[in-house]
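What you are looking at is a predicted structure, and each value in this text was computed from that prediction instead of being measured. Each ligand, and each atom within it, is numbered from 1 in the order the structure gives. Throughout, numbering of the chain's residues begins at 1 and tracks the sequence.
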Amino acid sequence: MTLMLPFTKMVDLANGTIPGGQDIQVRHLADLKGLFADSAAESALLPENPVIYRVYLGAHQPEVVGQLSFSTTVIYPGKVGEEYFFTKGHYHAKGDRAELYFCLRGEGILLLQTREGEVNVQHMTPGAAALVPPYWGHRTINTGQDEFAFFACYPSDAGYDYAAIAEKGFASLIVERDGKTEMIPNPSWL
Ligand code: PAN
Ligand code: ZN
């Protein structure tokens with residue numbers, strides 16, 4: 001066994017980034033193509049191809065049992081049609097791996113769903129620590145006017161299953177109607 005040395009990374013609490021982090025993933029609208037319910041609104045916005053969110057990885061950890069990884073996600077404010085900007089959303093490839101989210105700034109929703117279609121909503125404001133239990137697919141949504149940022153800590157071997165969400169989406173949509181945030185049934189949910 002090689003003993004790993006402890007380390008510390010600073011999260012910038014003002015903007016939710018990890019300045020000394022090892023990797024930044026940038027997700028543009030084109031990377032989320034087909035995920036927003038209003039495909040006409042999505043197509044109209046595609047030429048502009050805005051950045052929807054960035055993920056700041058703390059460090060590259062070995063993807064093995066026992067290791068923890070951490071990152072922050074910053075979702076920018078905006079909508080596609082009436083649907084707020086969101087992350088792609090995934091189940092963990094190893095479904096029994098949990099995850100902890102901690103809200104740093106802004107406001108948003110953690111939308112969770114089981115493979116059987118049970119939906120759960122957690123409201124995220126700065127200081128909120130929200131648990132993603134094993135087997136729940138998860139997506140975060142920026143319902144505010146400002147950037148929404150949260151810290152995530154997860155088992156390094158959890159992995160990502162994006163396909164199930166890409167194919168079926170979530171059973172519920174989070175939209176703005178008459179200036180209010182509402183959860184409505186996804187009309188194309190089977
Ligand atoms: C998070 C997410 C991050 C981006 O770190 O990976 O918020 O969301 P997508 O991966 O769905 O694009 C996490 O849940 N890791 O397991
Ligand atoms: Zn996850």
Side-chain angles (χ1 to χ4, degrees), residues 9 11-12 15-18 21-36 42 49-78 80 83-115 119-124 126 128-144 147-174:
K9 298 275 177 187
V11 174
D12 186 333
N15 60 19
T17 66
I18 304 180
Q22 284 194 357
D23 199 7
I24 303 173
Q25 293 169 355
V26 187
R27 298 284 184 233
H28 293 84
L29 181 61
D31 301 307
L32 280 76
K33 199 166 177 288
L35 295 184
F36 289 96
E42 188 185 85
N49 200 19
V51 175
I52 309 290
Y53 61 100
R54 287 189 169 87
V55 180
Y56 298 82
L57 185 68
H60 285 289
Q61 304 286 83
E63 292 172 8
V64 297
V65 180
Q67 290 282 356
L68 288 176
S69 293
F70 61 91
S71 64
T72 62
T73 301
V74 179
I75 309 178
Y76 301 98
V80 177
E83 208 173 8
Y84 296 104
F85 283 5
F86 54 49
T87 57
K88 287 164 81 168
H90 60 272
Y91 292 89
H92 290 154
K94 290 196 173 140
D96 62 354
R97 302 304 198 257
E99 177 161 12
L100 188 72
Y101 281 4
F102 184 79
C103 183
L104 303 170
R105 67 176 299 215
E107 59 180 302
I109 281 177
L110 166 60
L111 179 65
L112 305 106
Q113 178 171 298
T114 65
R115 290 194 187 264
V119 170
N120 187 283
V121 166
Q122 298 297 314
H123 293 275
M124 305 280 285
L131 184 73
V132 178
Y135 302 110
W136 287 84
H138 41 289
R139 163 180 285 167
T140 38
I141 299 140
N142 185 350
T143 56
E147 293 176 8
F148 165 50
F150 62 91
F151 177 89
C153 184
Y154 51 97
S156 305
D157 67 340
Y160 303 88
D161 171 7
Y162 289 106
I165 302 290
E167 281 161 25
K168 293 186 70 182
F170 280 79
S172 301
L173 308 178
I174 308 294

- Among all protein heavy atoms, pick the one closest to atom 2 (C) of ligand 1 and tell me residue, atom and distance. His90 CE1, 3.7 Å

- Item | Contact partition for Tyr91 relative to ligand 1, non-hydrogen atoms under 4.0 Å | neither

- Task: Give the single entry among Leu110, Thr87, Leu100, Thr140 that approaches atom 8 (O) of ligand 1 most closely by any heavy atom.
- Result: Thr87

- Counting heavy atoms only, which part of His138 comes closer than 4.0 Å to ligand 1: side chain, backbone, both or neither? side chain

- Residue and atom name of the nearest protein heavy atom (relative to atom 14 (O) of ligand 1), distance in Å to one decimal: Tyr101 OH, 2.7 Å

- Message: Measuring from atom CZ of Arg27 to atom CD1 of Ile75, what distance do you get when rounded to the nearest 0.5 angstrom?
- Response: 12.5 Å

- Query: Just which atoms of ligand 1 are under 4.0 Å from any heavy atom in Phe150?
  - Reply: 7 (O)

- Task: Indicate the ring-plane relationship of Tyr160 and Tyr162, choosing parallel, tilted or perpendicular according to the 30° and 60° boundaries.
- Result: parallel

- Message: Could you report the tightest heavy-atom contact between Pro50 and Phe85, atom names first, then the distance?
- Response: CG-CZ, 4.3 Å

- Item | Contacting atoms of ligand 1, where contact means under 4.0 angstrom from a heavy atom of His92 | 16 (O)

- Query: Does Arg139 make a cation-pi contact with Phe170, if we ask for NZ or CZ under 6.0 Å from the ring centre and within 45° of the axis?
  - Reply: no

- Query: Under 3.5 Å between some N or O of ligand 1 and some N or O of Gly89?
  - Reply: yes

- Item | Rounded to 10 degrees, the angle NE2 of His90 makes with NE2 of His138 at the Zn ion (ligand 2) | 80°

- Message: Please find the pair of heavy atoms, one from Val74 and one from Glu147, that lie closest to each other, and give the distance.
- Response: CG1-OE1, 3.5 Å

- Query: At their closest point, which heavy atom of Arg97 faces which heavy atom of His92, and how far apart are they?
  - Reply: O-ND1, 2.9 Å

- Task: Any chance you could measure Tyr76, atom OH, to Phe148, atom CZ, to the nearest 0.5 Å?
- Result: 13.5 Å

- Message: At less than 4.0 angstrom from any non-hydrogen atom of Ser71, what atoms of ligand 1 do you find?
- Response: 5 (O)

- Heavy-atom nearest neighbour of atom 15 (N) of ligand 1 within options Glu99, Gln25, Arg27: Glu99

- Of all the heavy-atom pairs spanning Pro126 and Gly106, show the shortest one and how long it is. CD-O, 3.2 Å

- Message: What protein heavy atom lies closest to atom 3 (C) of ligand 1? Include the residue and the distance to one decimal.
- Response: Thr73 OG1, 3.3 Å

- Message: Show me which atoms of ligand 1 lie under 4.0 Å from any heavy atom of Tyr53.
- Response: 4 (C), 9 (P), 12 (O)

- Message: Need the ligand 1 atom indices (1-based, order shown) with element for anything under 4.0 Å from a heavy-atom of Tyr162.
- Response: 9 (P), 10 (O), 11 (O), 12 (O)

- Item | Reference residue Leu110; test side chain to side chain contact (heavy atoms under 4.5 Å, CB included); the match among Tyr101, Phe150, Trp136 | Tyr101

- Query: What is the NE2(His92)-the Zn ion (ligand 2)-OE1(Glu99) angle, to the nearest 10 degrees?
  - Reply: 80°

- Query: Counting only N and O atoms by type, is there a donor-acceptor contact under 3.5 Å from the side chain of Gln67 to the main-chain atoms of Pro62?
  - Reply: no

- Note on the structure: So the atoms of ligand 1 within less than 4.0 Å of a heavy atom of Tyr160 turn out to be 6 (O), 15 (N), 16 (O)

